[in-house]
Participant: 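Below you will find the structure I want to go over with you.
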Protein chains: 2
Amino acid sequence: MKLGRKLTQEAVEAQLEEAGVSPTPQRVEIARILLSQPQHMSAEDVLVALRKAGAAASKATVYNTLRLFAQCGLLRTVIVDPAKVFYDSNTAPHHHFYDVEAGTLTDFRAEEVQLTRLPDLPEGAAMDGVDITVRVRAARPEK
Amino acid sequence: MKLGRKLTQEAVEAQLEEAGVSPTPQRVEIARILLSQPQHMSAEDVLVALRKAGAAASKATVYNTLRLFAQCGLLRTVIVDPAKVFYDSNTAPHHHFYDVEAGTLTDFRAEEVQLTRLPDLPEGAAMDGVDITVRVRAARPEK
DNA sequence: CTTAATGCAAAGGCTTTGCAGAGAC
DNA sequence: GTCTCTGCAAAGCCTTTGCATTAAG
């Protein structure tokens, strides 16, 4: 199902160093899990995936690492669920479907929406980015 | 500054009953604060405003009431800050500017964006709504 | 009298922080 | 030896829940 083959250790280390973070073993492991393909994971998800991969890191390290990666632009944070933050390894311009019942995120490319006009920004404000969240739920089974 | 005159108690009670919630004193007070004008408040904000208005309610009641109002469609929840939920008393179609530094929300009407095309929904999904968040930050003072 | 709402305190979940120990250069 | 990273546990926030008390019909 999930076919993102693991990245080579070298590739990941290079990517981390390019982003300006020293490639410690824990960080490399987290990067290999998260950056191997575009996906959305919570800190808890990462923790579980690490254990499953036989490579543990402490909760604190996972949280710190995810925050660090997000600051460096390796990941994007997605705020759609009041209970937890999602980290998105897709750094290409895109937006999200959010299944409000399942709590799952799905990407769609930025080109798939046509945002023809944007509102005037408030006085003295500079645009930082635009997030579009399309909330969806399972369609009622067609009768 | 904040000129939303308080709604009459009768008007608020009518609004609550129309929404199907019994107008208890605490709920009426919360409604008078929040529904008097379009605004964004966190639970804590409401608690503070209540005290300032000389009408207290317990923390539990405030949280429960806000959740209840949101379920009834009197309020919308806005998820942009991982730390807390905002309740939005503007029920007209609109989206938000979010000042990522100040943590403040500003509305803009839905007609101010032109969302010409929407992506195809995932298989078996029904649209529930679209939220557009324009992240902004204070423009660097023009040199 | 029965049902619903309030409020206090406790519990809960996610995230951050303090600080000692381990590792890298 | 110095600086950085790790990890455990504790602390912090926001929010929800349990349950006794109070109010309402």
Side-chain angles (χ1 to χ4, degrees), chain A residues 9 12-13 16-17 19-34 40-51 53-72 74-88 103 105, chain B residues 9 12-13 16-17 19-34 40-51 53-72 74-88 103 105:
Chain A
Q9 175 138 352
V12 170
E13 288 184 8
L16 293 188
E17 271 167 351
V21 315
S22 37
T24 68
Q26 291 83 349
R27 290 174 182 172
V28 169
E29 271 311 317
I30 294 173
R32 287 174 70 164
I33 287 172
L34 209 31
H40 314 94
M41 299 181 86
S42 66
E44 179 66 23
D45 293 337
V46 173
L47 218 30
V48 170
L50 277 173
R51 291 199 203 98
S58 73
K59 187 184 282 195
T61 298
V62 169
Y63 274 94
N64 290 336
T65 300
L66 291 175
R67 187 149 35 91
L68 176 66
F69 283 7
Q71 281 166 0
C72 297
L74 289 167
L75 298 173
R76 265 174 55 177
T77 64
V78 184
I79 315 293
V80 284
D81 183 332
K84 57 174 183 271
V85 173
F86 284 104
Y87 290 91
D88 187 347
L105 284 166
Chain B
Q9 174 139 353
V12 171
E13 288 184 8
L16 293 189
E17 271 167 351
V21 315
S22 36
T24 66
Q26 290 85 346
R27 290 175 181 171
V28 169
E29 270 312 315
I30 293 173
R32 286 175 70 163
I33 287 172
L34 208 31
H40 313 95
M41 300 182 86
S42 67
E44 180 65 23
D45 293 338
V46 172
L47 218 29
V48 170
L50 277 174
R51 291 198 203 99
S58 74
K59 187 184 281 196
T61 298
V62 169
Y63 274 95
N64 289 336
T65 300
L66 291 175
R67 188 150 36 91
L68 177 66
F69 283 6
Q71 282 167 359
C72 298
L74 288 167
L75 298 173
R76 265 174 54 178
T77 64
V78 184
I79 316 293
V80 284
D81 183 333
K84 56 176 184 273
V85 173
F86 283 103
Y87 290 91
D88 186 347
L105 285 166

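We use all heavy atoms of the structure for the numbers below, so side chains are in, but hydrogens, waters and symmetry mates are not. Order of the sequence lines sets the chain letters (A, B, ...), proteins ahead of strands, with each chain counted from 1. Because the structure is predicted, anything quoted here is derived from the model rather than measured.
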Participant: Output the rounded distance in Å from CG (A/Leu47) to P (D/dG7).
Facilitator: 11 Å

Participant: With side-chain contact (heavy atoms from CB on, under 4.5 Å) as the test, would you mind laying out the steps for A/Val85 and A/Leu66 before giving the verdict?
Facilitator: CA-CA 10 Å; A/Val85 173; A/Leu66 291 175; over 6 Å; no

Participant: In terms of side-chain heavy atoms, does B/Thr61 have a donor or acceptor partner in B/Asn64 at a distance below 3.5 Å?
Facilitator: no

Participant: Once side-chain hydrogen bond (donor to acceptor under 3.5 Å, both in side chains) is applied, do any residues pair with B/Glu13, and if so which ones, sequence neighbours excluded?
Facilitator: B/Gln9

Participant: Starting from P on C/dT16, measure out to CD on A/Glu44 and report it in whole angstrom.
Facilitator: 14 Å

Participant: May I ask you to check whether A/Arg67 and A/Thr77 show a side-chain donor-acceptor distance below 3.5 Å?
Facilitator: no

Participant: Tell me: CZ of A/Phe69 to C1' of C/dT15, nearest whole Å?
Facilitator: 18 Å

Participant: Taking only the side-chain nitrogens and oxygens of B/Arg67, find out if one of them lies under 4.0 Å from OP1 or OP2 of D/dT15.
Facilitator: no

Participant: Return a single string for nucleotides 1-8 of chain C, one symbol per nucleotide in 5' to 3' order, where B is base contact, S is sugar-phosphate-only contact and - is none, cutoff 4.0 angstrom on heavy atoms.
Facilitator: ----SSBB

Participant: Given atom CG of B/Asp81 and atom P of C/dC14, what is their separation to the nearest angstrom?
Facilitator: 17 Å

Participant: The criterion is side chain to side chain contact (heavy atoms under 4.5 Å, CB included); which residues satisfy it with B/Glu17, sequence neighbours excluded?
Facilitator: B/Pro23

Participant: With a cut-off of less than 4.0 Å, is there a side-chain N or O of A/Tyr63 near OP1 or OP2 of C/dT16?
Facilitator: no

Participant: Given atom CD of A/Glu29 and atom P of D/dC5, what is their separation to the nearest angstrom?
Facilitator: 18 Å

Participant: Quick one: closest heavy-atom pair of B/Ala70 and B/Tyr87, and the distance?
Facilitator: CB-CE2, 4.2 Å

Participant: Given atom CG of A/Asp45 and atom P of C/dT15, what is their separation to the nearest angstrom?
Facilitator: 10 Å

Participant: Measure the distance from CG on A/Leu68 to P on D/dG7 and round it to the nearest whole Å.
Facilitator: 15 Å

Participant: B/Lys84 has an atom NZ; how far is it from atom P of D/dC14, in whole Å?
Facilitator: 7 Å

